[in-house]
Amino acid sequence: MTKSYDRLYVEFLYYFNVARDYFECHEVMEELWLEEGRHPLYQGLLQVAVGLYHYRNGNTSGSIKLFSAALDKLDNYPKDALGIDLGRLRDDSRLYLDKLAHAEERPFAFYDLDVRILDAGLEALVEELRLHPPEPHEED
């Protein structure tokens, strides 16, 4: 039996791993987060994306706040959740946060993180979006 994933969640993974558009990650995940009753797991994933968005745009302190908040939420979930390797994303986010905390004395170039997808069905859905990208959401 194949697990069913919300279209917005699949779009989030597409924008995170393929398009590297962290603003769109925020848009689609916030919509899903609100639809799903403000689930902390979705909020934590959203905050990782926004943390990357802030650092890419030169806002180190904002990035630190978002990565810290994300880890506070994501630490409450198993290593494999929602068809992804959440444990690895947490580890990668902790490393990013550590680098951010020392960025003033040891500056580092922005780099993307990847959400490792464990579920082959979910991977196929993200690949379908890579082949046929979704329309970006309207800005509020």
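No donor-acceptor pair under 3.5 Å is formed between the side chain of Arg38 and the backbone N or O of Gln43. No donor-acceptor pair closer than 3.5 Å links the side chain of Arg130 to the backbone N or O of Val126. With hydrogens and angles ignored, the 3.5 Å screen pairs no side-chain donor or acceptor of Asn17 with any backbone N or O of Asp114.
Other residues, nucleotides and ligands contribute over 12 non-hydrogen atoms within 6.0 Å of the CD atom of Glu105. The number of heavy atoms from other shown groups lying within 6.0 Å of NZ (Lys65) does not exceed 12.
The nearest pair of heavy atoms linking Pro136 to Tyr15 is CA-OH, 3.7 Å. Taking all atoms of both residues into account, the shortest heavy-atom contact from Val48 to Ala70 is CG2-CB, 3.7 Å. Contact between Thr60 and Ala103 at its shortest, heavy atoms only, is CG2-CB, 4.3 Å. Counting all heavy atoms, side chain and backbone alike, Ser63 lies closest to Leu100 at OG-CD1, 3.2 Å. Contact between Phe12 and Ala49 at its shortest, heavy atoms only, is CE1-CB, 4.0 Å. Nearest heavy-atom pair, His54 versus Leu66, reported as atom, atom and distance to 0.1 Å: CD2-CD2, 3.9 Å.
One distance of note links CG of Leu89 with CG of Leu82; it measures 11.5 Å at 0.5 Å rounding. The line from NE2 of His39 to CG of Leu46 is 14.0 Å long, rounded to the nearest 0.5 Å. A distance of 9.5 Å separates OH of Tyr14 from CG of Leu131, quoted to the nearest 0.5 Å. To the nearest 0.5 Å, atoms CG (Leu113) and OG (Ser93) are separated by 5.5 Å. Separating the CZ atom in Phe23 from the CG atom in Asn57 is a distance of 10.5 Å, to the nearest 0.5 Å. One distance of note links OH of Tyr9 with CG of Leu125; it measures 11.0 Å at 0.5 Å rounding.
The closest side-chain heavy-atom distance from Tyr111 to Lys99 is below 4.5 Å. For the pair Asp85/Val115, no side-chain contact is recorded, criterion being any heavy-atom separation below 4.5 Å from C-beta on. Counting only heavy atoms from C-beta outward, the side chains of Glu27 and Glu11 never approach each other to under 4.5 Å. Side-chain contact between Leu97 and Ile64 is present, with heavy atoms from C-beta onward closer than 4.5 Å. Residues Glu128 and Val10 have side chains not in contact (no heavy-atom distance under 4.5 Å, counting atoms from C-beta outward).
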- Item | Audit row: Leu8, Glu31, side chain to side chain contact (heavy atoms under 4.5 Å, CB included) steps and yes/no | CA-CA 8 Å; Leu8 292 168; Glu31 188 179 331; 3.7 Å; yes
Q. Run the side chain to side chain contact (heavy atoms under 4.5 Å, CB included) check on Phe110 and Leu52 step by step: do they pass?
A. CA-CA 8 Å; Phe110 170 85; Leu52 291 168; 4.1 Å; yes
List the steps and the verdict of side chain to side chain contact (heavy atoms under 4.5 Å, CB included) for Asp119 and Tyr5. CA-CA 11 Å; Asp119 182 318; Tyr5 295 98; 2.7 Å; yes
Lys73/Gln47 under side chain to side chain contact (heavy atoms under 4.5 Å, CB included): CA gap, chis, key distance, verdict:
CA-CA 9 Å; Lys73 288 173 187 71; Gln47 289 171 325; 3.4 Å; yes
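Cluster annotation: Leu74 is not connected to Leu118 through the hydrophobic network of ILVMFWY side chains, with a link wherever side-chain heavy atoms come within less than 4.5 Å.
Arg94 and Asp98 are not joined by a salt bridge, as no carboxylate oxygen comes within less than 4.0 angstrom of a charged side-chain nitrogen. In this structure, Asp75 pairs ionically with Arg90, as a charged nitrogen and a carboxylate oxygen lie closer than 4.0 Å. Look at Arg116 and Asp80 and you find no salt bridge, because none of the NZ, NE, NH1 or NH2 atoms lies under 4.0 Å from a carboxylate O.
A side-chain donor from one of Asp112 and Tyr22 sits under 3.5 Å from a side-chain acceptor of the other. Checking Tyr53 against Asn59 by side-chain atom types alone, no donor-acceptor pair falls below 3.5 Å.
Ring planes of Tyr96 and Phe108: perpendicular class, angle over 60° (limits at 30 and 60°).
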